[in-house]
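For reference, the structure is listed below as structure tokens.
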Amino acid sequence: MKRIIIIGASSGLGLQMARDFAAAGWRVGAAARREAPMKALKDEYPQNVEYMSIDVTAPDAVERFNKLIEKTDGMDILLYAAGTGFYDTELDLGRLQQTLQVNCVGFARIVAEAYRYFRSTANVACGQIAAITSVAATKGIGVSAAYSSSKKFQQRFIDSLDQLAHQQHVNVCFTDIRPGFVDTPLLRKDRDYPMLMPVEYAARLIERAIVRERRVAVIDSRWAVLTTLWRLIPDYVWRRLDIDFND
């Protein structure tokens, strides 16, 4: 039985994938700040689900993460699905700090601890660290500067650990999941998002990428084409583009 720990499992993609993996017979360790959705999931799949309230920005986050691993009887896969971000043209200090604390500091602490776990335990079976980053990391997006920058940080952190794993001969693989817009609570409902994907659809594609141990997976194929085109746009042209997502 595969064992997966999902950080950010109380809503959106994290909750959907926790439910899907539990329904498929996996052992799921669910973590998030809000306990009620995770308790409901545990009630639905009592034999397959364990959960723990974890705030990735709190001082005890790593300690509680390790306790959840113990409750789940170990970990084969970490899926980091927690995240926050804002449409923030005013560069509000509180929003900037919250985004960087969750998406950079909290992310790095949990992912680094997962790496240490696999370094000490995954000698025969390969461990896996999967993280939901974003297509927003492809280029800097002015209306969501902190978010797009923090997602680039996540991608570079995964790249760095991948190199470190090869240097240290650690049996762990990495999956960088880059979704486009998914209809989750993270998105503002007063704006129009292109190529918006239902949660269930995006979750299925992400789950497939995890099971197949893809190194990088852009969700979905339309976004793969679009981000390829984005990379071809010169910086002097990109900065003149009006990316706003207004109705």
Side-chain angles (χ1 to χ4, degrees), residues 4-24 28 30-34 37-38 41 56 77-88 95 98-99 102-104 106-107 110-111 129-141 143-155 158 175-212 214-230 243-247:
I4 185 169
I5 305 295
I6 301 178
I7 308 296
S10 64
S11 65
L13 285 169
L15 179 59
Q16 181 64 48
M17 288 186 286
R19 178 174 289 109
D20 289 347
F21 282 122
V28 176
R33 288 183 302 169
R34 296 185 297 124
M38 298 186 294
L41 184 66
V56 297
I77 302 170
L78 167 70
L79 172 57
Y80 194 97
T84 192
F86 301 93
Y87 180 97
D88 184 19
R95 288 181 167 183
Q98 182 180 348
T99 301
V102 174
N103 295 357
C104 295
F107 171 87
I110 296 297
V111 170
I129 296 174
I132 296 179
T133 65
S134 176
V135 298
T138 307
K139 291 274 193 178
I141 299 177
V143 296
S144 298
Y147 179 75
S148 61
S149 301
S150 67
K151 291 301 179 177
K152 176 60 76 174
F153 168 84
Q154 291 180 351
Q155 292 175 2
I158 292 171
T175 300
D176 177 356
I177 301 155
R178 304 175 180 182
F181 291 122
V182 181
D183 190 10
T184 70
L186 184 64
L187 297 185
R188 289 179 55 169
K189 301 307 179 185
D190 62 343
R191 299 193 177 275
D192 185 24
Y193 298 92
M195 298 190 293
L196 186 66
M197 296 175 284
V199 171
E200 296 82 2
Y201 166 75
R204 285 196 303 272
L205 295 179
I206 294 169
E207 290 155 11
R208 187 182 307 164
I210 291 171
V211 170
R212 294 180 178 178
R214 293 273 304 278
R215 179 59 184 82
V216 175
V218 179
I219 310 298
D220 57 6
S221 58
R222 298 169 300 170
W223 284 99
V225 172
L226 182 60
T227 54
T228 298
L229 295 175
W230 281 359
I243 300 176
D244 198 1
F245 309 127
N246 278 310
D247 289 333

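This one's a predicted model, so the numbers in the text were calculated from it and none came from an experiment.
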If you measure from [atom1] on [X] to [atom2] on [Y], what distance do you get to the nearest 0.5 Å?
X: Thr138; Y: Trp230; atom1: OG1; atom2: CH2; result: 6.0 Å
X: Thr228; Y: Trp223; atom1: OG1; atom2: CH2; result: 12.5 Å
X: Ser144; Y: Arg95; atom1: OG; atom2: CZ; result: 10.0 Å
X: Phe107; Y: Thr133; atom1: CZ; atom2: OG1; result: 8.0 Å
X: Ile6; Y: Met38; atom1: CD1; atom2: CE; result: 11.0 Å
X: Arg34; Y: Ser10; atom1: CZ; atom2: OG; result: 4.0 Å

Sub-4.5 Å side-chain heavy-atom contact between Val135 and Leu226:
no
| message | Can you confirm whether Arg208 sits close enough to Val211 that some side-chain heavy atom of one is under 4.5 Å from a side-chain heavy atom of the other? | response | no
Looking only at non-hydrogen atoms, find the nearest pair between [X] and [Y] and report the distance.
X: Val199; Y: Asp183; result: CG2-O, 3.1 Å
X: Tyr80; Y: Val102; result: OH-O, 3.2 Å
X: Thr99; Y: Ser150; result: CG2-OG, 3.9 Å
X: Leu79; Y: Ile4; result: CB-CD1, 4.1 Å
X: Tyr147; Y: Gly85; result: CD1-CA, 3.7 Å
X: Ile132; Y: Pro179; result: CG2-CG, 3.6 Å

Holding to side-chain contact (heavy atoms from CB on, under 4.5 Å), I want the full list of residues that pass it with [X], two or more places apart in sequence or in another chain.
X: Ala203; value: Leu13, Gln16, Met17, Asp20, Glu207
X: Ser148; value: Ala136, Ile141
X: Thr175; value: Gln128, Ala130, Ile177
X: Val225; value: Leu229

message = A quick test of your reading: do over 12 heavy atoms of other residues, nucleotides or ligands sit less than 6.0 Å from CZ of Arg33?
response = no
Open item on the list: Looking at Asn103 and Thr84, would you say the former's side chain and the latter's main chain have a donor-acceptor pair under 3.5 Å?
Closed with: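 Confirmed, Asn103 side chain pairs with Thr84 backbone.
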Residues 129-140 vs salt bridge (charged side-chain N to carboxylate O under 4.0 Å, His left out), sequence neighbours excluded, gives Lys139-Asp235
Residues 217-229 vs salt bridge (charged side-chain N to carboxylate O under 4.0 Å, His left out), sequence neighbours excluded, gives Asp220-Arg222
